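A note on names: the letters A, B, ... follow the listed sequences, proteins ahead of strands, and every chain is numbered from 1. Note that the structure is a prediction, hence the values are computed from the model and not measured.
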Number of protein chains: 2
Amino acid sequence: MPKQTFYNLPEDKRQTLLYAAEKEFSRVPVYEASISNIVKSAGIPRGSFYQYFEDKEDAYLFLLSQQARTRQGNFITLLQKYDGDLFDAITEMYRLLLKELPEQENLDFLKNAFLNMTHKIENIFNRIFDVNENREQLKEISTLINKQCLNISDEKDLHHVIQIITSVTFHNLVEKFAKEMSYEEAMDNFNTEMNLLKKGLYK
Amino acid sequence: MPKQTFYNLPEDKRQTLLYAAEKEFSRVPVYEASISNIVKSAGIPRGSFYQYFEDKEDAYLFLLSQQARTRQGNFITLLQKYDGDLFDAITEMYRLLLKELPEQENLDFLKNAFLNMTHKIENIFNRIFDVNENREQLKEISTLINKQCLNISDEKDLHHVIQIITSVTFHNLVEKFAKEMSYEEAMDNFNTEMNLLKKGLYK
DNA sequence: ATAATAAATGACACGGTGTCACCTGTCAAT
DNA sequence: ATTGACAGGTGACACCGTGTCATTTATTAT
């Protein structure tokens, strides 16, 4: 959290600083961003930055959550609009996000936020469950899975199902570590989610 | 990718170096890890490190993929064991992973790998779709959603469904950026996955 | 024995971080 | 008007990490 001094700042100076920070975080991912660039661009001395923020991350998370907050509320509204259809609401939300993105001046900022290491790790994770190593394997898997599955009609669907399961598994794993869950807790969550997924896909 | 010189190294020296790197990446997340510590711990001069690897990330990704590779093959075997039941296979895989984790000497390494920034960003992302702001909202959402949904019986399930959708959405978003997909491509993928999810949950 | 090639080495230039002793401006009390 | 106290401003500095490169050393081929 920014320090009190940050909030005591006159509006224009605060905006200048935030703008400089956003510019820097748009240029490169957080871990490559430098405070030196921010203060240079904002025209404030180095020491002042530390008067306002704990460190680089502090400023970054403030910006991120500030941007997130502007989207608050949308979801409920959309849910009402689509009469409780969760998927229609979320699809609309996703669509809006993608649609607005190219026009958004903070596109690079968001891009960096989402790319930030994550995809590298997900790629590695995908490798653990890699089923695309060669066509033979995929055929084999397809045959095996079709014994059980109702809804997977073609290869594209199979790929997507694996995507879904991978991302949910990944999410569970990250959550387990982040919230320091016990083995039992983690398995319990995982099973609940897998069962929900299962219902839709099985004979 | 490590350079050729790395592979030319005598086995014991290579192991010492890898061990030192793993130790450092277990101590802190990649972006905090330092080459200085690795070379000090491995007892090699700084310049040598750059003889073997491009940079820190290079060594890190090598270690990660090396560890991932040891799990290769498991998945197909499990799939056969469970006669093509995708969920049983993946659940078993997850279970094994969690079960083995505490005994694994590289626990901290894996922990850092999964925590590495990701959860911070996911948390922010969750905030965008935040439906847990207050009980009232959750009730409201629950009522709305139950008009459409078949399988969500209690609040816990609702929470998990939202988790699933969030993580799939998140995954799609990261993928879109990582693979520089067009709007159409991204929406297409997203819709396919949402439809697969939908089938299981709707009246 | 010699040349050629590959690898090893560590000092160094560069750039970034966070701190701290000191400076400045403001404002209430005298 | 003067003082002191205090919040905030400032930038030089100590420290640490990166990647490079000229030089040295080892290895191999001729």
Side-chain angles (χ1 to χ4, degrees), chain A residues 1-64 109 112-113 116-117 120, chain B residues 1-64 109 112-113 116-117 120:
Chain A
M1 278 213 324
K3 300 180 182 172
Q4 187 53 48
T5 32
F6 175 72
Y7 297 104
N8 295 346
L9 237 38
E11 187 60 20
D12 59 335
K13 194 170 178 185
R14 190 165 63 236
Q15 286 310 323
T16 310
L17 177 52
L18 285 180
Y19 178 75
E22 186 175 325
K23 199 171 117 196
E24 177 66 0
F25 293 130
S26 301
R27 192 181 63 81
V28 285
V30 216
Y31 61 99
E32 279 185 49
S34 93
I35 294 172
S36 299
N37 279 338
I38 297 175
V39 298
K40 205 191 299 169
S41 150
I44 62 167
R46 179 166 194 80
S48 292
F49 182 90
Y50 288 97
Q51 208 74 265
Y52 311 137
F53 299 107
E54 290 298 334
D55 51 21
K56 198 169 56 174
E57 234 96 54
D58 192 24
Y60 179 67
L61 287 179
F62 176 77
L63 273 177
L64 249 190
F109 180 88
N112 280 331
N116 202 29
M117 282 311 284
K120 278 191 191 163
Chain B
M1 277 213 323
K3 300 179 182 171
Q4 187 53 45
T5 31
F6 176 70
Y7 296 106
N8 295 345
L9 236 39
E11 186 60 20
D12 58 335
K13 193 169 178 186
R14 190 166 63 236
Q15 286 310 322
T16 310
L17 177 52
L18 285 179
Y19 179 75
E22 186 175 326
K23 200 172 118 196
E24 178 65 1
F25 292 130
S26 301
R27 192 181 62 82
V28 285
V30 215
Y31 61 99
E32 279 185 50
S34 93
I35 294 171
S36 299
N37 279 337
I38 296 175
V39 298
K40 205 190 302 169
S41 152
I44 62 168
R46 180 166 194 79
S48 292
F49 182 90
Y50 289 96
Q51 207 74 265
Y52 311 136
F53 299 107
E54 289 298 333
D55 51 21
K56 198 169 56 174
E57 235 96 54
D58 191 25
Y60 179 66
L61 287 180
F62 176 76
L63 272 177
L64 250 189
F109 179 88
N112 280 330
N116 201 27
M117 281 314 282
K120 277 191 192 164

Study note, to complete from the structure: One should read off an interatomic distance between L63(A) CG and Y19(A) OH, to the nearest 0.5 angstrom, of 12.5 Å
Revision key, fill the gap. Distance col, row D58(A):CG vs Y50(A):OH, nearest 0.5 angstrom, shows 11.0 Å
On a heavy-atom basis, which atom in [X] and which in [Y] lie closest, and how many Å separate them?
X      : Y      : result
E57(B) : V30(B) : OE2-CG1, 3.8 Å
A59(B) : F49(B) : CB-CZ, 4.0 Å
P2(A)  : F62(A) : CG-CD1, 3.6 Å
E54(A) : M1(A)  : CG-O, 4.3 Å
S48(A) : I44(A) : CB-CD1, 4.1 Å

Point to revise | Side-chain-base donor-acceptor pair under 3.5 Å for Q51(B) and dA8(C) | key: yes
Polar-atom pairs under 3.5 Å, protein N or O versus N or O of nucleotides 15-18 of chain C: list them with distances, or write none.
{"residue": "dT17(C)", "atom": "OP1", "partner": "I35(A)", "partner atom": "N", "Å": "3.1"}
{"residue": "dT17(C)", "atom": "OP2", "partner": "I35(A)", "partner atom": "N", "Å": "3.3"}
{"residue": "dT17(C)", "atom": "OP2", "partner": "S36(A)", "partner atom": "N", "Å": "3.3"}
{"residue": "dT17(C)", "atom": "OP2", "partner": "S36(A)", "partner atom": "OG", "Å": "3.3"}
{"residue": "dT17(C)", "atom": "OP2", "partner": "R46(A)", "partner atom": "NH2", "Å": "3.3"}
{"residue": "dG18(C)", "atom": "OP2", "partner": "Y50(A)", "partner atom": "OH", "Å": "2.6"}
{"residue": "dG18(C)", "atom": "N7", "partner": "R46(A)", "partner atom": "NE", "Å": "2.9"}
{"residue": "dG18(C)", "atom": "N7", "partner": "R46(A)", "partner atom": "NH2", "Å": "3.4"}
{"residue": "dG18(C)", "atom": "O6", "partner": "R46(A)", "partner atom": "NE", "Å": "3.2"}

Point to revise | Rounded (10°) bend between the five-pair end axes of the helix from dA1(C)-dT30(D) to dT30(C)-dA1(D) | key: 10°
Exercise for review: For Y52(A), enumerate each residue passing the ring-ring contact (aromatic ring centres under 6.0 Å, His included) test, keeping only those at least two apart in sequence or located in another chain.
Suggested key: none
Review point. Do Y60(B) and E24(B) come close enough that some side-chain heavy atom pair is under 4.5 Å?
Key: no
**Study point:** Residue pairs fulfilling salt bridge (Lys or Arg N to Asp or Glu O under 4.0 Å) with at least one residue in residues 30-46 of chain A, sequence neighbours excluded
**Key:** none
Point to revise | Nucleotide range of DNA chain D lying under 4.0 Å from chain A heavy atoms | key: dG8(D) to dG11(D)
Study note, to complete from the structure: Under a 4.0 Å heavy-atom criterion, the protein footprint on nucleotides 21-26 of chain C, written with B, S and -, is ------
Point to revise | DNA chain C contacts made by residues 3-10 of chain A, counting heavy atoms under 4.0 Å | key: none
Review point. Which residues satisfy the side chain to side chain contact (heavy atoms under 4.5 Å, CB included) test with A20(A), sequence neighbours excluded?
Key: I38(A), S41(A), A42(A)
With a cut-off of 3.5 Å and sequence neighbours excluded, list every side-chain donor-acceptor pair involving residues 5-18 of chain A.
{"residue": "T5(A)", "atom": "OG1", "partner": "Q51(A)", "partner atom": "O", "Å": "2.4"}
{"residue": "N8(A)", "atom": "OD1", "partner": "Q4(A)", "partner atom": "NE2", "Å": "3.0"}
{"residue": "E11(A)", "atom": "OE1", "partner": "R14(A)", "partner atom": "NH2", "Å": "2.5"}
{"residue": "E11(A)", "atom": "OE2", "partner": "Q15(A)", "partner atom": "NE2", "Å": "3.0"}
{"residue": "R14(A)", "atom": "NH1", "partner": "Y7(A)", "partner atom": "O", "Å": "3.3"}
{"residue": "R14(A)", "atom": "NH1", "partner": "L9(A)", "partner atom": "O", "Å": "3.3"}
{"residue": "T16(A)", "atom": "OG1", "partner": "D12(A)", "partner atom": "O", "Å": "2.7"}

Check your understanding: Which part of the nucleic acid, if any, lies within contact of Y52(B), taking any heavy atom under 4.0 Å across all strands shown: a base, the sugar-phosphate backbone alone, or nothing?
Key -> sugar-phosphate
